[in-house]
Protein chains: 2
Amino acid sequence: MGTTSKALSLLNFFSRATPQIGLSELARLSGLNKATVYRLLTELAGHGFVEQVGTGREYRLGPAFLRLAALRENQVPMREVALQQLTQLCDATGETAHMSLLNGDVLSNLAYAYSNRHGTMVMMEDAEVLELHSTGSGLAVLAYSPVSFVDETLSAPLTARTSQTLTDPVEIRALLPSIRKSGIAESTGGFEEDVISHAVPIFDARSACIGAMAVAAPVSRMTDHLRQQIRDELMARARHTTRILGGFPPDSFPTYEPQNMLQKEA
Amino acid sequence: MGTTSKALSLLNFFSRATPQIGLSELARLSGLNKATVYRLLTELAGHGFVEQVGTGREYRLGPAFLRLAALRENQVPMREVALQQLTQLCDATGETAHMSLLNGDVLSNLAYAYSNRHGTMVMMEDAEVLELHSTGSGLAVLAYSPVSFVDETLSAPLTARTSQTLTDPVEIRALLPSIRKSGIAESTGGFEEDVISHAVPIFDARSACIGAMAVAAPVSRMTDHLRQQIRDELMARARHTTRILGGFPPDSFPTYEPQNMLQKEA
DNA sequence: TATAGTCGGTTCATTATTCGAACCATTGGT
DNA sequence: ACCAATGGTTCGAATAATGAACCGACTATA
């Protein structure tokens, strides 16, 4: 691993749960030498990527990201694009729609949209991080990721978010072929109890999987009809989103035929 | 300069004007070897800090900033705080108020607010970059920066944005003591013709200058009364902003006494 | 008040990583 | 067909990263 990667990986230890980290602790977390971490932090700080909280205290993410994110967003307004797509998806299904992007070996939430059709909705959180093995979105991404990446991801210890979370690598691997066949991943209660989630991968210009679009609904509301509706809408919407973001599904990606067309037409 | 700094400095070449850059061009811009730039870009790409546009094409800023900016903003909602302060400042003066942060050796726009009191207003741009020598904000920052930083900044070639831009380092240095005395920098037409700008530095928890808050007005509208009003409001607002962002003005920073108190009271 | 264990920050000889000139294979314009 | 770009790759030389040990300052404990 190069020096730059080490420096950048330090940034991944900052999260909503641990927004500021001390030098020694960060050295411990990253497994790097304290002096090394100090140098890296100093360089990061010089560019505004981290900053120190008080005097001689912990570090936190710096102000540079505001500008860079603004530039990125200006050039590739992914969040706006995603939000617009999610709103339509959400209107069509009546359930919470969200989209997340692959960031290292986790997914981070990009945007989400709620429906007001029902009294209860699955709630999402900004900048939330989703593990690949415990969510529908994660499974969708794994199914369209290189084998080496899957191996790496599944070789790490898999934590159980709920009693229904799959933590057996063999079991997870077994799901991937069928996901590839349908283009849709389904997960029940893997991330939150009583939530059933459908997810479809999103691809970039090189047909690499960069994230997933998903619909999350309470288990209690799921019917065959709703499931079919979600699958149809989600697949069409995700394809379109990939396209307007400048991406292309790989050749192997299934050309989905809506199953409830007849019902719609009838 | 460390390897990490080199990698991070590559990111600074991306701007609104040049949102995507090829390998060779980036090597030229940065003065680094092409192989070096390639390695650094590869590492940056691995963390989502840059990405390639098509197949074998130019690079642009990556999606990682969305998440990191969200985390940063979640912990330190600087933009919201700034926006709120700017709105009040703008209401009080009737002119465009904006705030920018020091990022390396330039200022980047954080937020701005327009008034609807007049038909014409000075306009701002998101993620715009301001050079330190050509703007009121820049002069305010220079006046409260370490000598070494001033030397470094003024030793680089200074480009003239307008016919009124100061480009002589000696001339610029001569302004700094008076800015330090009043705490306010004033610049006429340095960045845009016919715009007069007042700026006050903003400080962090260690009393280091991290940016500036400013009011920009058309030259044609400037009167002694407006100038005084802007100075009073701006100084008070900037002090307050520094404070609620968790910062402290240095001991040397002047304790400003509003000059038009009597007029107000009368 | 003495002590032990933190913390952030610093030093310096060793060593592993980065560097860069030269070199491909492609592409696009003349 | 040619030339001058481009993105990407190689490998010995040179540089920059590394980490154990060490500060001084703090804090909690005894």
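The sequence lines fix the lettering, A, B, ..., with proteins before strands; numbering per chain opens at 1. Just so it is clear, the values below take in all heavy atoms, side chains as well, and ignore hydrogens, waters and symmetry mates.
A donor atom on one side chain and an acceptor atom on the other are found under 3.5 Å apart for A:Thr159 and A:Glu131.
Nearer to the 5' terminus of DNA chain D, by closest-nucleotide assignment, is the contact made by B:Arg28 (compared with the other of B:Arg28 and B:Tyr38). The 5' end of DNA chain C is approached more closely, in terms of each residue's nearest nucleotide, by A:Ser24 than by the other of A:Ser24 and B:Gly31.
Protein atom CD of B:Glu58 is 13 Å distant from nucleotide atom P of C:dG28, rounded to whole Å. Rounded to a whole Å, the CG atom of B:Leu10 is 14 Å from the P atom of C:dT18. We find that CG of B:Leu26 is positioned 12 Å from P of D:dG8, with the value rounded to whole Å. If you take CG of A:Leu23 and P of C:dT10, they are 10 Å apart, rounded to a whole angstrom. For the pair B:Gln20 CD and D:dG7 C1', the interatomic distance rounds to 15 Å; values are reported in whole Å. Taking atom CG on B:Leu41 and atom C1' on D:dG8, their separation rounds to 12 Å, with Å as the unit.
Looking only at side-chain heavy atoms (C-beta outward), A:Glu128 and A:Ser108 stay at 4.5 Å or farther from each other. A 4.5 Å side-chain heavy-atom check between A:Arg239 and A:Thr255 finds at least one atom pair inside the cut-off. Side-chain contact between A:Leu101 and B:Arg67: absent, with no pair of heavy atoms (C-beta onward) separated by less than 4.5 Å.
The shortest distance between the side-chain N/O atoms of A:Gln52 and the OP1/OP2 oxygens of C:dC7 is not below 4.0 Å. Within the structure, every side-chain polar atom (N or O) of B:Tyr59 is placed at least 4.0 Å from both OP1 and OP2 of D:dT6.
Between B:Phe65 and A:Phe65, the two ring planes are tilted [angle within 30° to 60°].
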Inset, instruction - Quick one, give me the B/S/- string for nucleotides 14-24 of chain D, reading 5' to 3', where B means a protein heavy atom under 4.0 Å from the base and S means that only happens at the primed atoms, P, OP1 or OP2. - result: --SSBBB----
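Scanning both residues, B:Ala185 and B:Gly136, for their nearest heavy atoms gives CB-O, 3.4 Å.
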